[in-house]
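Working notes for the structure below.
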Amino acid sequence: MEGNDQIQARLEKRAKLLEQGIDPYGGRFDVHETIAVARANPTPERDVRLAGRLMSHRDMGKSMFADLKDSSGRIQLYIQKKVLNDEQFELFKHFVDLGDVIGVTGKLFVTHAGELTVRVETFTVLSKAIRPLPKEHFGIKDTETRLRQRYLDLWLNDKSRETFLLRSKIVSEIRKYLDGRGFVEVETPMMQPLAGGAAAEPFQTHHNALDLDLFLRVAPELYLKRLLVGGYEKVYEINRNFRNEGISRRHNPEFTMLEVYQAYGDFETMMELVQGMIVTVAENVFDQLTVKRYDGTEIDLTPPWRRITYREIVEERIGKEWFTLSPGDRKLRATQMGVEFPPDAPDYEVTNAIFEKTIEPTLMNPTFVTHLPAELVVLAKPNKQDAGIVDVFELIINGQEIAPAYSELNDPVVQRSRLLEQAAGHAEKLDEDFLTALEHGMPPAGGMGIGIDRLVMMLTGAESIRDVILFPLLRPQA
RNA sequence: GAGUCGGUAGCUCAGCUGGUAGAGCAACGGCCUUUUAAGCCGUGGGUCCUGGGUUCAAAUCCCAGCCGACUCACCA
């Protein structure tokens with residue numbers, strides 16, 4: 001290992017510990033309680049047995065203070081020469097460094113300054129760190145280091161560690177909510193012969209033994225619908241989707257999607273479900289329905305959430321006359337508003353560009369935007385009164401689409417023609433296996449997809465998707 | 001993929017009207033038995049992202065590249 005003076009010093013300490021017959025990488029150490037539990041039971045002179053990482057120390061000569069941190073919290077250690085023997089004290093003083101993982105036993109007491117502290121009686125080196133950990137006060141702020149060496153970020157930045165704990169709790173509450181309503185969690189293929197269920201660029205891979213080209217899935221939708229055909233009435237899957245597209249503050253090539261299907265329901269069933277689910281999650285995880293965003297503004301999750309049709313919200317924001325304009329005038333207006341679109345964009349795409357660029361980003365509180373134009377959604381049921389729109393909603397919170405939901409299209413003949421249209425006539429791109437399943441009869445159903453990463457962003461006030469994905473994709477370091 | 005900004009010691013940062021690299025913490029040695037960003041004395045530590053160029057002289061100016069952040073595009 002190359003190294004600076006600090007690495008050299010630590011390597012020497014490691015070697016000297018070994019020479020003295022002390023294993024600097026320890027072994028099983030039965031921790032009696034977490035630091036948080038120890039702090040919650042501060043009876044003076046109570047025996048404790050704790051383990052964690054040494055985060056700071058203050059050497060006073062014949063005694064020293066140090067801070068021990070585990071996943072639950074931190075506690076101060078007091079190491080005294082007269083309590084340990086001379087040899088052990090010198091060992092601690094000269095061979096234990098910031099960042100080392102150690103186990104300690106001792107008794108609780110409260111210092112003059114009022115801080116609960118462990119008077120250390122014995123300690124064990126459980127893992128000697130060869131690389132220095134920055135002193136916690138300065139932390140680790142460099143974004144690149146935080147992402148590439150997430151373990152440092154987690155140890156040193158409480159906010160980061162808390163966000164990922166919250167993510168776990170959120171996902172766990174979602175499962176609880178759905179399980180409690182009779183939904184069955186399933187897992188469907190992530191490697192698919194055809195990447196269907198969403199208009200997105202897939203990753204490609206290859207199975208050698210079958211000599212088969214495969215795609216990483218862009219959505220589980222078509223498989224979950226096969227399960228509806230198979231008699232599952234309430235199913236969901238929480239798993240990764242992969243899309244071979246750009247990376248941004250809101251996009252990671254692999255992201256976690258929740259998809260839910262309920263037979264005999266429709267998009268309004270999903271509306272109630274998602275509202276109930278997010279409200280319950282917020283209450284159970286955060287104890288409140290107000291979320292503070294990174295910019296200080298607040299999101300109010302109090303139900304019932306606003307419902308408005310796509311047409312109405314466009315008219316509300318852009319002007320009642322919008323849909324009476326000629327397609328040419330609409331393009332002109334859109335361009336004047338600084339919204340870009342391909343020159344040959346069809347009419348509905350111009351309107352949708354307006355919606356996505358100027359309306360969606362302003363919707364902070366939960367809003368169900370319903371009944372999008374049929375052209376935008378190929379897997380949804382047409383509205384019975386107006387075949388030009390479909391029975392769907394997009395739930396917008398935090399200026400981002402959190403969940404689209406549909407009354408799922410279950411007419412196999414219509415579905416085939418819509419998919420064929422979308423594939424621009426390329427029949428070989430149709431998922432015949434899926435269409436065959438539909439031809440066997442899929443019950444009418446409500447279906448919904450929720451981007452878990454974005455939901456977590458919204459609920460934790462995170463500014464970037466990288467703040468809620470432990471190991472977001474980065475270019476390898478040069 | 002395009003534009004803008006950034007990359008200096010282990011960490012956090014200063015230095016960038018060009019004059020040959022600094023601070024605090026961390027490390028190392030010493031003092032100190034209730035400190036908590038402990039304190040005091042001393043020592044060492046740098047491919048200033050990489051490669052070119054301009055110049056007597058480049059961390060600093062110019063060009064190219066690498067990596068990251070942000071914005072845009074693709075998309076959720």
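Order of the sequence lines sets the chain letters (A, B, ...), proteins ahead of strands, with each chain counted from 1. What's counted below: heavy atoms across the whole structure, side chains too, no hydrogens, waters or symmetry copies.
Taking atom CE on A:Met55 and atom C1' on B:rU35, their separation rounds to 18 Å, with Å as the unit. In this structure, the CD atom of A:Glu90 is 15 Å from the C1' atom of B:rC28, given to the nearest Å. As a whole-Å value, the separation of A:Glu136 CD from B:rA37 C1' is 11 Å. The nearest whole Å value for the distance from the CZ atom in A:Arg74 to the P atom in B:rA37 is 11 Å. For the pair A:Asp453 CG and B:rA76 C1', the computed distance is 10 Å after rounding to whole Å.
Using C1' as the reference atom, B:rG46 and B:rA21 are 8 Å apart when rounded to the nearest Å. Distance check on atom C1': B:rG6 versus B:rC16 gives 14 Å, rounded to whole Å. As rounded to the nearest Å, B:rU54 and B:rC62 have C1' atoms that lie 7 Å from one another. Taking atom P in both B:rU4 and B:rA9, one finds a spacing of 26 Å when rounded to whole Å. Annotation: B:rA69 and B:rU33 have their C1' atoms spaced 48 Å apart (nearest Å). Taking atom C1' in both B:rC32 and B:rC41, the straight-line distance is 12 Å, to the nearest Å. Straight-line distance between the C1' atoms of B:rU34 and B:rC28: roughly 27 Å, to the nearest whole Å. Nucleotides B:rA23 and B:rA14, compared at atom P, are 16 Å apart to the nearest Å.
Map A:Ala198 and A:Lys357 each onto its nearest nucleotide of RNA chain B; the residue landing nearer the 5' end is A:Lys357. For A:Ala113 and A:Asp97, each mapped to the nucleotide of RNA chain B holding its nearest heavy atom, the one lying further toward the 5' end belongs to A:Asp97.
The pair A:Lys357-A:Glu340 does not meet the salt-bridge criterion, since no charged nitrogen lies less than 4.0 angstrom from a carboxylate oxygen. Under a 4.0 Å N-O distance rule, the pair A:Lys135/A:Asp67 does not qualify as a salt bridge. In this structure, A:Glu268 pairs ionically with A:Arg307, as a charged nitrogen and a carboxylate oxygen lie closer than 4.0 Å. Salt bridge absent: A:Arg454 and A:Glu401 never bring a charged side-chain N and a carboxylate O closer than 4.0 Å. The existence of a salt bridge linking A:Glu45 and A:Arg119 is confirmed by a sub-4.0 Å separation between a basic side-chain nitrogen and an acidic carboxylate oxygen. In this structure, A:Lys13 pairs ionically with A:Asp97, as a charged nitrogen and a carboxylate oxygen lie closer than 4.0 Å. Using a 4.0 Å cut-off between charged side-chain N and carboxylate O, A:Asp100 and A:Arg53 make no salt bridge.
More than 12 heavy atoms of other residues, nucleotides or ligands shown are found within 6.0 angstrom of CD on A:Gln336.
Contact annotation: side chain of A:Glu115 to base of B:rU35, donor-acceptor pair absent below 3.5 Å.
Put simply, A:Phe255 rests on the base of B:rA76: the two rings are less than 5.5 Å apart at their centres and nearly parallel, under 30°.
Every residue two or more places apart in sequence or in another chain that forms a side chain to side chain donor-acceptor pair (under 3.5 Å) with A:Asp213 is listed here: A:His206. Taking the side chain to side chain donor-acceptor pair (under 3.5 Å) definition, one finds that A:Arg39 meets it with nothing, sequence neighbours left out.
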Pairs under 3.5 angstrom, nitrogen or oxygen only, protein versus nucleotides 23-26 of chain B, please.
{"unit_1": "B:rA26", "atom_1": "O2'", "unit_2": "A:Gln6", "atom_2": "OE1", "d": "3.3"}
{"unit_1": "B:rA26", "atom_1": "N3", "unit_2": "A:Gln6", "atom_2": "NE2", "d": "2.8"}

Report all interatomic pairs (protein N or O, nucleotide N or O of nucleotides 31-33 of chain B) with separations under 3.5 Å.
{"unit_1": "B:rC32", "atom_1": "N3", "unit_2": "A:Asp59", "atom_2": "O", "d": "3.3"}
{"unit_1": "B:rC32", "atom_1": "N3", "unit_2": "A:Gly61", "atom_2": "N", "d": "3.4"}
{"unit_1": "B:rC32", "atom_1": "N4", "unit_2": "A:Asp59", "atom_2": "OD1", "d": "3.4"}
{"unit_1": "B:rC32", "atom_1": "N4", "unit_2": "A:Gly61", "atom_2": "N", "d": "3.2"}
{"unit_1": "B:rU33", "atom_1": "OP2", "unit_2": "A:Lys62", "atom_2": "N", "d": "3.3"}
{"unit_1": "B:rU33", "atom_1": "O4'", "unit_2": "A:Ser63", "atom_2": "OG", "d": "3.2"}
{"unit_1": "B:rU33", "atom_1": "O2", "unit_2": "A:Tyr78", "atom_2": "OH", "d": "3.4"}
{"unit_1": "B:rU33", "atom_1": "O2", "unit_2": "A:Gln80", "atom_2": "OE1", "d": "2.9"}

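In a base pair of the Watson-Crick type (N1 to N3 plus N6-O4 or O6-N4) or a G-U wobble (N1-O2 and O6-N3), with each distance short of 3.5 Å, B:rC25 is matched with B:rG10.
The shortest distance between the side-chain N/O atoms of A:Arg217 and the OP1/OP2 oxygens of B:rA76 is not below 4.0 Å. Contact check, A:Arg58 against B:rG39: no side-chain N or O comes under 4.0 Å of OP1 or OP2.
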Trace of the salt bridge (Lys or Arg N to Asp or Glu O under 4.0 Å) decision for A:Arg49 with A:Glu33
CA-CA 7 Å; A:Arg49 186 176 167 87; A:Glu33 58 198 321; over 6 Å; no
Checking A:Glu408 against A:Lys381 for the salt bridge (Lys or Arg N to Asp or Glu O under 4.0 Å) test, could you report, in this order, the C-alpha distance in whole Å, the side-chain angles of both residues, the deciding distance, and whether it holds?
CA-CA 6 Å; A:Glu408 300 294 344; A:Lys381 246 189 201 318; over 6 Å; no
With B for base contact, S for sugar-phosphate-only contact and - for none (protein heavy atoms under 4.0 Å), nucleotides 1-9 of chain B reads S--------
Determine all donor-acceptor pairs shorter than 3.5 Å in which one atom belongs to a side chain in residues 253-260 of chain A; sequence neighbours excluded.
{"unit_1": "A:Glu254", "atom_1": "OE1", "unit_2": "A:Arg240", "atom_2": "NH1", "d": "2.7"}
{"unit_1": "A:Thr256", "atom_1": "OG1", "unit_2": "A:Arg167", "atom_2": "NH2", "d": "3.2"}
{"unit_1": "A:Glu259", "atom_1": "OE1", "unit_2": "A:Glu221", "atom_2": "N", "d": "3.4"}
{"unit_1": "A:Glu259", "atom_1": "OE1", "unit_2": "A:Tyr261", "atom_2": "OH", "d": "2.8"}

